[in-house]
Amino acid sequence: MVRSYTDADSDALWALKRGFETGLGEGTGDEAKQAAYEAKLDEAYRRDWLDWVERCVRENERCVQVVEDEDRLAGYVFVLPASMAFVWDAAVLNEIYVAPEFRGTGVADDLMDAALAVAREQSLPLDRMVLDVDRQNERAKAFYERYGFEHWGELVARDL
């Protein structure tokens with residue numbers, strides 16, 4: 001069952017966030033990409049990220065939602081609050097992650113449904129939801145396509 005994140009979930013949410021971040025480098029790049037994602041996950045990043053989650057949740061308690069299975073979190077979804085809609089002129093699906101042992105159980109579908117519900121309640125410049133997905137992540141691409149997401153533009157980046 002999907003529910004709003006609470007401060008009591010912070011350790012479990014951080015464990016899922018670590019899985020999300022380390023998964024970004026797994027199978028979608030070389031060892032350098034994986035190492036870059038893993039290297040940032042220190043205690044300072046943990047504190048800063050959880051502080052950011054808290055600020056977003058204060059604005060909209062449903063922007064971070066979790067699925068709990070018995071006594072542990074199975075996954076989470078993080079939709080940026082409406083105040084950030086002007087970043088992309090849309091709702092932003094910042095992160096969605098399901099622990100590997102819960103994949104294929106419907107948890108991801110429950111989280112996506114919750115994310116879309118939150119986004120529909122936002123006052124947006126354009127009625128759409130956007131997200132960044134690695135072109136090499138075939139599993140994620142298939143999941144998003146099932147929900148009607150289509151390629152729109154292209155994200156480019158450079159080192160600072």
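Side chains included, hydrogens not; waters and symmetry mates left out as well; all remaining heavy atoms used.
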Restricting to ring-ring contact (aromatic ring centres under 6.0 Å, His included), what partner residues turn up for Tyr76, sequence neighbours left out?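 None.
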Tyr147: what forms a ring-ring contact (aromatic ring centres under 6.0 Å, His included) with it, not counting sequence neighbours?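 Here the qualifying residues are Phe143.
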Determine, step by step, whether Val64 and Ser4 satisfy the side chain to side chain contact (heavy atoms under 4.5 Å, CB included) criterion, reporting the C-alpha distance in whole Å, the side-chain angles of both residues, the deciding distance to 0.1 Å, and the verdict. CA-CA 6 Å; Val64 178; Ser4 295; over 6 Å; no
Using the test side chain to side chain donor-acceptor pair (under 3.5 Å), find all partners of [X] that sit at least two apart in sequence or belong to another chain.
X	value
Glu68	Arg3
Arg146	Asp109
Thr6	Asp9

Distance check, rounded to the nearest 0.5 Å: Leu73 atom CG versus Tyr97 atom OH? 12.0 Å
Results of side chain to side chain contact (heavy atoms under 4.5 Å, CB included) for [X] - residues two or more places apart only:
X	answer
Ala74	Val67, Asp69, Phe102, Val107
Glu101	Arg72, Ala99
Ala82	Gln122

Taking all heavy atoms of [X] and all of [Y], pick out the closest pair and write down the distance.
X	Y	answer
Leu124	Ala90	CD2-C, 3.7 Å
Val133	Ala140	CG2-CB, 3.8 Å
Gly75	Leu111	C-CD1, 3.8 Å

Hydrophobic clusters here meaning ILVMFWY residues chained together by side-chain heavy-atom distances under 4.5 Å, can you tell me if [X] and [Y] are in one?
X	Y	answer
Leu116	Phe78	no
Val77	Leu13	no
Tyr37	Leu155	yes
Val98	Val66	no

Is there a side-chain contact between [X] and [Y] in this structure, where contact means two heavy atoms from C-beta onward sitting under 4.5 Å apart?
X	Y	result
Glu145	Glu150	no
Leu41	Thr22	yes
Cys63	Leu80	no
Tyr144	Asn137	no
Met112	Leu93	yes
Phe149	Met129	yes

Hey, is Glu21 close enough to Arg18 for a salt bridge, meaning N to O under 4.0 Å?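 Looking at Glu21 and Arg18, the cut-off is not met.
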Pairs in or reaching into residues 112-130: which pass salt bridge (Lys or Arg N to Asp or Glu O under 4.0 Å), with residues at least two apart or in two chains?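 Only Arg62-Glu121 qualify under salt bridge (Lys or Arg N to Asp or Glu O under 4.0 Å).
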Which pairs, with at least one residue in residues 151-160 and sequence neighbours excluded, count as a salt bridge (Lys or Arg N to Asp or Glu O under 4.0 Å)? Arg135-Glu154
Which atom pairs, one a donor and one an acceptor, fall under 3.5 Å between side chains of residues 43-56 and the rest of the protein, sequence neighbours left out?
{"residue": "Tyr45", "atom": "OH", "partner": "Lys40", "partner atom": "NZ", "Å": "3.4"}
{"residue": "Arg46", "atom": "NH2", "partner": "Asp11", "partner atom": "OD1", "Å": "2.5"}
{"residue": "Glu54", "atom": "OE2", "partner": "Arg58", "partner atom": "NH1", "Å": "3.0"}

Can you tell me which residue pairs pass the side-chain hydrogen bond (donor to acceptor under 3.5 Å, both in side chains) test with a partner in residues 78-89, sequence neighbours excluded?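 Checked against side-chain hydrogen bond (donor to acceptor under 3.5 Å, both in side chains) - neighbours excluded - the pairs reaching residues 78-89 are Glu59-Ser83.
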Gln65 and Val118: side chain to side chain contact (heavy atoms under 4.5 Å, CB included), yes or no, with the steps? CA-CA 10 Å; Gln65 296 184 75; Val118 168; 3.2 Å; yes
Please determine whether side chain to side chain contact (heavy atoms under 4.5 Å, CB included) holds for the pair Met84 and Val92, giving the CA-CA distance in whole Å, both sets of side-chain angles, and the decisive distance to 0.1 Å. CA-CA 8 Å; Met84 297 184 194; Val92 178; over 6 Å; no
Any chance you could lay out the side chain to side chain contact (heavy atoms under 4.5 Å, CB included) test for Lys141 and Gln136, step after step, and finish with the verdict? CA-CA 8 Å; Lys141 285 179 14 183; Gln136 295 177 354; over 6 Å; no
